Amino acid sequence: MDQDRPPVETGCVLWSDGMDLLQDAAERKHFLPTGLEGIDTLLGGGLRKGQLTELTGQSSSGKTQACLYSAAHVAARHMGAVLYLDTSNSFSPSRIARILDELPISFVKEPKDVRLKRVMSSIICESVFDIFALFEVLNQLEVSLNNKVNIGGNKICLLIIDSISSLLAPIIGGKYSQGRSMMISVAMILKKLADKHNLSVLVTNHMVAGNGAPKPALGESWKAVPHIRLMISRDRGSNICTATILKHTLLASGRHMKFAVPG
Amino acid sequence: MPKINVDAAVSKSSAKGAAAAFCRSNDGLYMGASAVVFKGITDPAILETLACREAMALADDLIINRLQVASDCKQVITDVKEGSLGKFGPGPANTSCFAVSHQTKGSTERRNPATARRRTLAPRLPVRADSQARALRHGHAILAGSLPPFVRGPLPPASAVHLRRRAAAPSFSAAPSRLAPAYFGRDMKNEIQESVDILKAVKGANKFKGAEEPSCVLKGAQNAWDMLSEEQSQKHISTGSSDLNGILGGGIHCKEVTEIGGVPGVGKTQLGIQLAINVQIPVDYGGLGGKAVYIDTEGSFMVERVYQIAEGCISDIMEYFPHHHHKASSGKGNLQPEGFLSGIYYFRICSYTEQIAVINYLEKFLGEHKDVRIVIIDSVTFHFRQDFDDLALRTRVLSGLSLKLMKLSKTYNLAVVLLNQVTTKFTEGSFQLTLALGDSWSHSCTNRLILYWKGNERCAYLDKSPSLPVASTPYAVTSKGVRDAATPNCKRVRIM
């Protein structure tokens, strides 16, 4: 029986040392710009590849806008393709077109309409309305990434899920724990994709009323999942938003910065 | 060349045998699996041969012309090599299957005749949808460790069950192709039928065939460029007031969920009825020519008022298209208030159970009535504000409902309009009016429009929209319905 057993190393990943990691971080873990100056400054350049970033905030605080901006900027700066998973029918191509229109023309001097078509073709969007559909989409994505499928020559570098909390909210809570275990499965899959394929993952979460101040939804076990958690709030009646770091793997939390979302 | 591993198993307790085939591509990717249970056949050699036949059927299903079949039964291999018909050879019942196995096993390369019928990868035995879903849930946990990553499912792969299996059968992970149902059944103490269901479900779950279509990342996903041109060709549903249409970007958008909230008497229901009428303006007159579903929870849908608004709508159409009217006089029959009234499907809801039931039923209803372009729920709040004690449960139910409505609006290309009541909320030292149903619900719409009084004037405020800036405008409710607020220079009322 023992000789049938495969050698123990086959199932095990290779180890790497600190220098390898440092080199990997410098060479591959780029920052993807969100295009919103406040957030980029706050995070030292933008969304990091290989990491899971969460945006949380009240309704209409600017979370979806930040997602649309990131998608547009990453695609426009030739950094790669973007996959946008939309759960609340809020992916607005016309808004993205307007964001692109405001951008200065790049050095290559490609005409605006050419750029618009190029950028818009490298953003793909899929609607997801329940947790099982999300699993299926993520599994498909993993297969595609394993097969090195790309979109018009671009590798996918940013995965946006807006919003993950609306998929998870109907299943967690109550006396059954399946919902919670599905939530953790989602977290595992997302982190694996981020790590193995050098993706940056951006998810949005909503806020619930806590004791006193509102707090991010999905509870304590989800809190451990994102590498970076950023809270966005907006002054009522204006387009000035404030981003606050709630959790960060490198930087001190609690710092905040104001930025404007152009109308 | 794809490889199909086959195996058979015999049940210890009953006179049953099972045969299974499992196909993987060159680079080891899972392509399909198939399993079948035979009652009364317990001879291992026969079952192994039947497994070979199953492999051929699977190859047909997967449209594979050249393949390798691997069996671990020496007798079958020898029989095939020697061309003998085995110990039951003379028996007529088995001749055909042995012949098939002979034909294929003898030459590892096989070509389908050019006229071969194309078969899809659908399960060969009908599996009921519910058992499939159940099997998916159970099955993922069991198969997690042994199948390629993309068939892994919701449950964490390192479940206790899986660990036990791995400890008990080390060869299992080395040879994942041996997925005979009975093998499952024996180890996992599952029913054989259930094991078959699991295999079928796994097969169904992999229909997307990521490996075969290297050109697209996600089947069904659209890129933003196509969506942009699609969006630009969409028509919007007019609210009756051109100012209001202005801040909404042309009117209420299809494929989006719009929430409209406000204090009692500000005109929420009026706007709801107006939309139910305006969606029916014929295409010739610049409308959508659709129908409306009106779900009434408060009993505020007054049919006399609806008649009045329909008349107002028709008289405005006549005013703006006088020539059109003469030309299209044959279509005049459509433009009667009665016609507009019969184009509204009305549901009266008396409890939250009914409300949940209707929203679940809508999927079927809309499948049968494809011309519905708007669903109005007036109001979504009413029953959920009373007789609901467990607030956490209410949040879960409501977020589930909102996802269903999102899905409906996207699938059937229609607008969903939810009317909501207001409540007071204590924030920053003062009481302020906010929409009811709490913070979590406020995330569950795409757009939000708040109606309020400013002195004696009715105003609308676009509070949330992914594509449009925040804005507000006055509007009026007249005897004809929702219209622009009268301005000193008497701006003419426009519909379109």
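Every chain is numbered from 1, with letters handed out A, B, ... down the list of sequences. These numbers were taken from a predicted model, which means no experiment stands behind them.
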(request) Give the minimum heavy-atom separation between Ser59(A) and Lys464(B), together with the two atoms involved. (result) OG-CD, 3.7 Å
(message) If you count every heavy atom of other residues, nucleotides or ligands that lies below 6.0 Å from Lys155(A) atom NZ, does the total exceed 12?
(response) yes
(message) So for Lys255(B), is it side chain, backbone, both, or neither that comes closer than 4.5 Å to the heavy atoms of chain A?
(response) backbone
(request) Find the distance between NE2 (His443(B)) and OG (Ser61(A)) and round it off to the nearest 0.5 Å. (result) 7.0 Å
(message) Could you measure the distance from the CG atom of Asp226(B) to the SG atom of Cys125(A)? Nearest 0.5 Å is fine.
(response) 11.5 Å
(request) Mark yes when over 12 heavy atoms from residues, nucleotides or ligands other than Lys407(B) sit less than 6.0 Å from its NZ; otherwise mark no. (result) no
(request) Measure Ser442(B) against the heavy atoms of chain A and call it side chain, backbone, both or neither at under 4.5 Å. (result) both
(request) Check whether Ser465(B) gets within reach of chain A through its side chain, its backbone, both or neither, counting any heavy atom under 4.5 Å. (result) backbone
(request) Drop me the distance from Phe129(A)'s CZ to Lys404(B)'s NZ, to the nearest 0.5 angstrom. (result) 13.0 Å
(request) Check Met406(B) against Asn89(A) and note the closest heavy-atom contact, atom names and distance. (result) O-ND2, 3.2 Å
(request) Specify the closest pair of heavy atoms between Pro170(A) and Leu403(B), including all atoms of both residues, with the distance to one decimal. (result) CG-CD1, 3.8 Å
(request) Over all heavy atoms of both residues, which pair between Ser60(A) and Arg448(B) is shortest? Give the atoms and the distance, please. (result) OG-NH2, 4.0 Å
(request) Kindly give the heavy-atom pair with the smallest separation between Pro466(B) and Ser90(A), and that separation in Å. (result) CB-O, 3.2 Å
(message) Has Ser399(B) got a side-chain atom pairing as donor or acceptor with Ser166(A)'s backbone, closer than 3.5 angstrom?
(response) no
(request) Report the option among Asp463(B), Val470(B), Leu393(B), Leu405(B) that has the most heavy-atom pairs separated by less than 4.5 Å from atoms of chain A. (result) Asp463(B)
(request) Specify which of Leu134(A), Val137(A), Ile96(A), Ile171(A) makes the most heavy-atom pairs with chain B at under 4.5 Å. (result) Val137(A)
(request) Please step through side-chain contact (heavy atoms from CB on, under 4.5 Å) for the pair Ser94(A) and Gln232(B), ending with a clear verdict. (result) CA-CA 8 Å; Ser94(A) 57; Gln232(B) 280 162 350; 5.9 Å; no
(request) Check whether the side chains of Ser467(B) and Arg98(A) place a donor and an acceptor atom closer than 3.5 Å, and report yes or no. (result) no
(request) Please flag which part of Ala217(A) lies under 4.5 Å from any non-hydrogen atom of chain B: side chain, backbone, both or neither. (result) neither
(request) Examine the side chains of Asn223(B) and Ser122(A) and answer whether a donor and an acceptor come within less than 3.5 Å of each other. (result) no
(message) Please determine whether side-chain contact (heavy atoms from CB on, under 4.5 Å) holds for the pair Leu29(B) and Asn147(A), giving the CA-CA distance in whole Å, both sets of side-chain angles, and the decisive distance to 0.1 Å.
(response) CA-CA 10 Å; Leu29(B) 283 173; Asn147(A) 290 338; 4.0 Å; yes
(request) Using a heavy-atom cutoff of under 4.5 Å, enumerate the residues of residues 199-207 of chain A that contact chain B, numbered in order, or state 'none'. (result) His206(A), Met207(A)
(request) Mind checking the CZ-CD spacing from Phe91(A) to Glu231(B)? Nearest 0.5 Å is all I need. (result) 9.5 Å
(request) Go through the steps to decide whether Trp225(B) and Leu116(A) satisfy the test side-chain contact (heavy atoms from CB on, under 4.5 Å), and finish with yes or no. (result) CA-CA 8 Å; Trp225(B) 179 252; Leu116(A) 182 68; 3.8 Å; yes
(request) Could you tell me which portion of Ile131(A) (side chain, backbone, both or neither) has an atom closer than 4.5 angstrom to a non-hydrogen atom of chain B? (result) neither
(message) Looking at every heavy atom in both Ser127(A) and Lys410(B), which two are closest together, and how far apart are they?
(response) OG-CE, 3.1 Å
